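Accompanying notes for the structure given below.
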Amino acid sequence: MPVPITYNIRNLVVRRSATAMTALGIALTVSMAVFVMSLLSGLRLAFAQTGDPSNVLALQKGATSEMTDTGIPLETFRLIKDLPGVAHNPQGEALVSGEDIPVVSLSRRDGSGDVNVTVRFMSPIGVQLRPNAHLVSGNWFKSGLREITVSRSLHERFLHTEIGDTIPIGSGNWTVVGIFDSNGTAHESEIWGDISQIADDFNRRVFNSVLIRAESPQAAIALQSSLSSDPRLKLSGILEPEYYAMQSKSGNLIRFAGTIISLIMAIGSCFAAMNTMYAAVAYRSREIATLRILGFTRISILGSFLVESVLLAILGGIVGIAVMLPFSGMTTATANAFTFSEAVFRLRVTPQVILFALLFAVFMGVLGGFAPAWHAARQNMASAVRE
Amino acid sequence: MGIAGLVRKNAFGNKRRSILTILSITFSLLLLTLFMNVWSAFYLDHGTPESDRRLITRNRISIIFFLPVRYRDKIRSKPGVAHVVNLTWFESQYKDDKPANFFAKFGTDPDEFFDVYAEYLIPREQLADWQHDRSGCVVDASLAKRFNWKIGDHVPLQGKLFPANLELTIRGIFTAPRPTEAIYFNNLYLDEAYPPDQGLVGWFVVSRDESHDSHAVAAAIDDEFGNYQRATKTGSEQAFQADYIATLGNVKSFILWTCLAVVFATLLVSANTMAMTIRERTRDTAVMKSLGFPAGLLFRFFLGEAVILSLVGGILGTLAGSALVWSIARSPQGTLLLAGLKASVFIILINLLISVLLGIFSSFLPAHRVSRMNLATGLRHIG
């Protein structure tokens, strides 16, 4: 018969200060792990959710991202509009958007400096190709005017992004007329405007990329391969979701450093938990002997102390998770390794993150508690009861 | 056995507890040492004196945008500019994508490269050979050792960003004060292989005259190109690297907060151990008090025990951390991103001081309480 769990709970409560200190130590390690995991989760969500499976992104052949110095010429853009499989809107216009993404330097609100931010100039029809985006306040930029619409996350992070503010891009000033939200997708890192206005500014008659809506996801796949193989076009086609999935590799550095740091902290916490449990076992050796005399087997003693260690660890885990919860939804950013501009995303403490953190805590509890529990189980009854 | 011996024996009275405490502190201080060294490499390192004399001029918007090569002569005409050379990062792979085969590849001008990087040493004949071979290259001695390269060996590079494949021949091996894990070739060769980007280079490296102030030179260069479509931003090599790191996120505050968390966790561990130990020895302490040991001495006993444990943990942790730093600094990724990362005696000493302070603070309260306790209560204490 297993030792009742109330025994363990009561013991944790009685040795309050030792329980508190060990739990707090574990909590810190768990907090660190939660922080790293929610960063990665937010980054992955931002990139994974971006991209419609019916959209195909056409890039200049050989380019790995939309950030290139040269681009797709106007004639190629016109050819794309006439390709089979391209969808049209009710007005009969081809859902094809030529896009240019220069970068502008903006100042962070927290004073930590100026950073590069992506500005996406698109054909006005381009907004329709992104159903995830919706206006939060103000209006979409109007075609033919120097207007821009700013993403909500950028608006939160950077100065001079209120409606009515002007931002210098290229050789002119652009007025902010609206703020949009894109559900945490990668477009949270962007400012949108009308491409026809910048032709003279940047001395270009080319596009960085062309976004095409196909009639269906199957048509998109066909369109993607015909774009890549057509010798007149000199393009590489890639499905929009795949393109953004590739960019989530920007999180690799965070994942690497975060994992190592969490592991090192976890090892330290395990030793601390081990210490506490050894002291508990030593302190209670007479109790343990009594339990054995009463008939509890060695296995149940082992199990009981393991459970106590795990309970302690879970307590620490819950505190650690609770400390990090207020940070969920917080906007932060890192460098997009493909476009070298700021990839804005939100920290997300998802249920998966919480579950994993709890498992992590349990793991630390088991590792730290095993040796002392084993020691308790192997105690010699007769000598222990005499202590 | 004197006082010191007594303290030492008590510190290791419960061997298992002492070892576990020491191990826990070791890991914490390992992290602390690592972080401090990284911080120092990112934000405090000033580089070699030669590095201090160099400025980097890049496209103001982003390092990934090119600059026209004709800027070079205009930069050269600025007061205080001794030499200027172009550098272009060539995104490519050697053999395959494995990290073991990764190193930095740059296109540059053989005629002026070693004037700007005066601390890189190369035999004159090898330099002349490189200058006469359009498809030649020079490699860092550490890189040559890694791949077992000799003069005359071929290094094929497959371009990843633009479709250009280069067949380079090693014409020289240079030695740099810090290993750079880099290979340099003639940028004109890259121009031939990929004509669309002809005339465009990644950035310029300027070596400035001692007599001119670096800010003045930088300002003069940026003023010249201020109104051009491809404007420039000029700064020291350190500023260049710090800019790149700043883009990774709020690295400074992340490091600070993590260090704080680690110190706090270590304090908890140490305090926990000392609290347990002191409580268990309440009766022993009461006996010593009744024998006549003054409260202050008993207090210092416990402090000494805590400091011994935390100091041993500190020594192990800082040594392990420094060893880790040493090995990271030698990896190819480390040389690129964390140039200037090196184990530092100063940081080791600071961490040892921190561990001593941790020992003192963690034992302070329980030691104080037990040294002043009522004798009768103490002798009666069970457990």
Side-chain angles (χ1 to χ4, degrees), chain A residues 15 17-18 20-22 24-29 31-32 35 39 61-64 67-70 102-105 110 112-113 115-116 170-171 201-203 253-254 257 260-261 264-272 274-276 278-279 282-283 332-336 339-342 371 375, chain B residues 14 16-17 19-28 30-31 34-35 38 60-66 91 159-164 196-197 200 227 229 233 243-250 252-254 257-258 261-262 264-273 275-277 279-280 337 383:
Chain A
R15 301 181 74 232
S17 52
M21 285 197 273
T22 315
L24 213 53
I26 293 181
L28 279 170
T29 307
S31 288
M32 163 68 53
F35 180 66
L39 274 182
K61 209 169 200 54
T64 47
M67 288 304 239
T68 55
D69 233 342
T70 51
V103 139
V104 70
S105 190
D110 64 14
S112 61
V115 219
N116 289 333
S171 60
D201 278 19
F202 288 95
N203 206 20
L253 191 63
I254 296 179
I260 293 202
I261 294 172
I264 297 183
M265 284 184 84
I267 297 179
S269 295
C270 280
F271 286 131
M274 241 193 262
N275 231 352
T276 306
Y278 266 120
Y283 189 65
T332 184
T334 187
N336 184 319
T339 66
F340 282 88
S341 43
E342 193 136 291
H375 179 78
Chain B
N14 183 335
R16 182 167 33 207
R17 176 181 302 165
I19 291 181
L20 284 177
T21 308
I22 289 175
L23 278 175
S24 195
I25 296 179
T26 301
F27 275 91
S28 301
L30 187 159
L31 264 183
L34 191 62
F35 275 133
V38 168
R60 183 163 62 192
I61 296 177
S62 167
I63 185 75
I64 63 161
F65 287 129
F66 290 154
E91 179 75 27
K160 277 175 30 175
L161 209 53
F162 7 100
D197 276 343
L200 293 171
N227 289 320
Q229 189 201 318
K233 182 168 168 189
D243 267 353
Y244 176 66
I245 291 160
T247 64
L248 293 174
N250 208 340
K252 256 193 188 177
S253 91
F254 173 72
W257 278 107
T258 312
V262 167
F264 189 59
T266 317
L267 195 63
L268 284 176
V269 162
S270 186
N272 200 10
T273 301
M276 282 192 280
T277 312
R279 184 177 44 228
E280 279 168 15
L337 191 64

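None of the values given here were measured: they were computed from a predicted structure. Here is the naming used below: chain letters follow the sequence lines, and residue numbers restart at 1 for every chain.
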Of the backbone (N, CA, C, O) and the side chain (C-beta and beyond), which part of [X] lies under 4.5 Å from a heavy atom of chain B, both, or neither?
| X | value |
| --- | --- |
| A:T276 | both |
| A:I264 | both |
| A:I261 | both |
| A:M265 | both |

CA sep, side-chain torsions, deciding dist, call: A:T22, B:N272, side-chain hydrogen bond (donor to acceptor under 3.5 Å, both in side chains) = CA-CA 7 Å; A:T22 315; B:N272 200 10; 3.0 Å; yes

message = Check whether B:S24 reaches the backbone of A:G268 with its side chain - one donor and one acceptor, N or O, closer than 3.5 Å.
response =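 Checked: pair present.
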
query = Of the non-hydrogen atoms in B:S28 and B:T266, which two are nearest, and what is the gap between them?
reply = CB-OG1, 3.0 Å

key: Part of B:T273 lying under 4.5 Å from any heavy atom of chain A   =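 Answer is side chain: those atoms of B:T273 sit under 4.5 Å from chain A.
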
query = Non-hydrogen atoms of chain A under 4.5 Å away: do they reach the side chain of B:L34, the backbone, both or neither?
reply = neither

ask   = Is the NZ or CZ atom of B:R17 both under 6.0 Å from the centre of the six-membered ring of A:Y278 and within 45° of that ring's axis?
value = no

inquiry  = Parallel, tilted or perpendicular, judged at 30° and 60°: which one describes the rings of A:F271 and B:F27?
reply    =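 Tilted: the ring planes of A:F271 and B:F27 meet at 30° to 60°.
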
